[in-house]
Amino acid sequence: MYYADPADEGEPSSGFFNFVAILFLSILLFSCHRPAAKEITANFTSEPDTVKVQVAKPQPTAPPKPVKKKKKIYLTFDDGPNKGTRNVLDIVQQENIPVTFFIVGEHVFASIGQTQVWDSLKMAANIELCNHSFTHAHNRYSKFYKDPETVVKDMEKTNESLLPENNIVRARGRNSWRIDSLHFTDIEKSKKAMDSLQKAGFVVFGWDLEWHYDPKTLALKNTADELLNQIDSVFNNDKTKTRDNMVLLAHDQVYQKIADSLQLREFIQKLKKKDEYELALASSYPGILK
Ligand SMILES: [Zn+2]
């Protein structure tokens, strides 16, 4: 059986005192450890800690260089097909450059070999074939140019029989131009003939610089390096018919000999390394409509 301890009942004041003391201590401890209301509020409303990430400062970059427009060179060969044409064709195809040949119609039918070269020219990529007359005036220019009608008919003969899709012509022995607004006549006596060619629908294409040769020996008068210097000089002095466009005239027959063929190859290889120039076909000359 359990009996209540009389002492417990006899000393109620002592138990109460203990209870109050414990309560007081608890409140004291609690209040000591509890953060202040102000502090709590501050914690909730304060900004979250900023995470500092080290970002590399952008370095100032040089402004992009303007793309410089290249000067165009139109490499043209006159008077083929002849004994030099095969060499010229092989070299320009191996060097993979665009080249324009101005053809003399009569030369296509002069020998089996030349007809075969003509076939090769037609098959070749990156090659443009233009009209340099049918008879080449049989090299009697003064008499020939007196009759504009004959000049037009001679050009039409090559046009109809060999080059029906191309109306770009070069007058034999004359550096005259009839392209859109570009009109130039080198020898006044042939002016009427040039006008007649234009009236008949032809574009007359002259040249700015010629790679000269000795007509007796057919040897080149200038080396590849000398020609490259001439090209730089003509461009620098703005001496071309159309700014930054240069038509270069060469003749097939010169390159039948090894020494001259080597000069042609050297010229092309060095020209290709010059970043300021690019080669183009005659039909892309300014003002020529395809
Ligand atoms: Zn010619």
Side-chain angles (χ1 to χ4, degrees), residues 74-89 92 99-111 113-115 117-118 121 127-148 150-159 161-163 166-179 184-187 189-191 193-194 196-198 200 202-222 227 241 246-257 260-261 264 281-283 285:
Y74 307 82
L75 186 50
T76 66
F77 289 88
D78 278 14
D79 301 346
N82 56 37
K83 286 177 183 171
T85 310
R86 176 67 70 187
N87 276 353
V88 175
L89 181 61
V92 300
V99 162
T100 306
F101 287 87
F102 281 85
I103 297 297
V104 175
E106 221 171 41
H107 292 178
V108 172
F109 309 105
S111 71
Q114 283 177 204
T115 306
V117 173
W118 167 247
L121 286 167
I127 295 295
E128 191 161 66
L129 301 172
C130 298
N131 189 344
H132 192 38
S133 83
F134 196 83
T135 64
H136 206 255
H138 295 135
N139 297 329
R140 289 180 184 159
Y141 305 131
S142 297
K143 195 182 168 199
F144 183 75
Y145 283 108
K146 276 181 185 167
D147 184 4
T150 309
V151 173
V152 172
K153 274 187 181 170
D154 197 44
M155 212 61 95
E156 281 174 341
K157 195 171 177 183
T158 294
N159 186 246
S161 57
L162 298 165
L163 297 164
N166 192 303
N167 68 336
I168 303 171
V169 305
R170 176 169 283 151
R172 42 273 180 235
R174 295 288 180 271
N175 186 7
S176 292
W177 299 70
R178 294 290 186 281
I179 303 174
F184 178 79
T185 308
D186 57 340
I187 294 174
K189 279 183 182 172
S190 52
K191 186 182 179 300
M194 299 306 158
S196 300
L197 283 170
Q198 190 180 29
F202 292 115
V203 166
V204 184
F205 201 69
W207 64 90
D208 297 295
L209 183 67
E210 180 178 355
W211 198 352
H212 288 287
Y213 65 95
D214 184 325
K216 283 183 187 165
T217 63
L218 296 182
L220 283 170
K221 282 186 174 179
N222 300 105
L227 184 69
K241 284 282 180 294
M246 180 190 292
V247 180
L248 188 68
L249 165 64
H251 291 85
D252 298 20
Q253 61 263 36
V254 170
Y255 307 97
Q256 55 188 297
K257 281 183 278 185
D260 297 305
S261 290
L264 176 62
L281 295 173
S283 59
Y285 191 88

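Note that ligands are numbered from 1 as they come in the structure, with each ligand's atoms numbered from 1 the same way.
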Original post:
Near the Zn ion (ligand 1), which protein N/O/S atoms are found at less than 2.8 Å?
Top reply: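 Listed by chain and number, the atoms are D79 OD1, H132 NE2, H136 NE2.
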**OP:** Hey, can you tell me if Y74 and F205 have their rings parallel, tilted or perpendicular (30° and 60° cut-offs)?
**Re:**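 Geometry flag for F205 against Y74: perpendicular rings.
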Original post:
Relative to each other, are the rings of F102 and H132 parallel, tilted or perpendicular (30° and 60° limits)?
Top reply: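 Perpendicular, since the angle between the ring planes exceeds 60°.
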Original post:
Passes side-chain hydrogen bond (donor to acceptor under 3.5 Å, both in side chains), H212 versus N222? Steps please.
Top reply: CA-CA 7 Å; H212 288 287; N222 300 105; over 6 Å; no
Original post:
With no hydrogens and no angle check, do the side chains of D79 and H107 hold a donor and an acceptor under 3.5 Å apart?
Top reply: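 No, no side-chain donor-acceptor contact under 3.5 Å.
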**OP:** Report yes if the distance between the aromatic ring centroids of H251 and F77 is under 6.0 Å, otherwise no.
**Re:**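 Centroid distance H251-F77: not below 6.0 Å, so no.
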**OP:** Show your reasoning for whether side-chain hydrogen bond (donor to acceptor under 3.5 Å, both in side chains) applies to R170 and S133.
**Re:** CA-CA 8 Å; R170 176 169 283 151; S133 83; over 6 Å; no
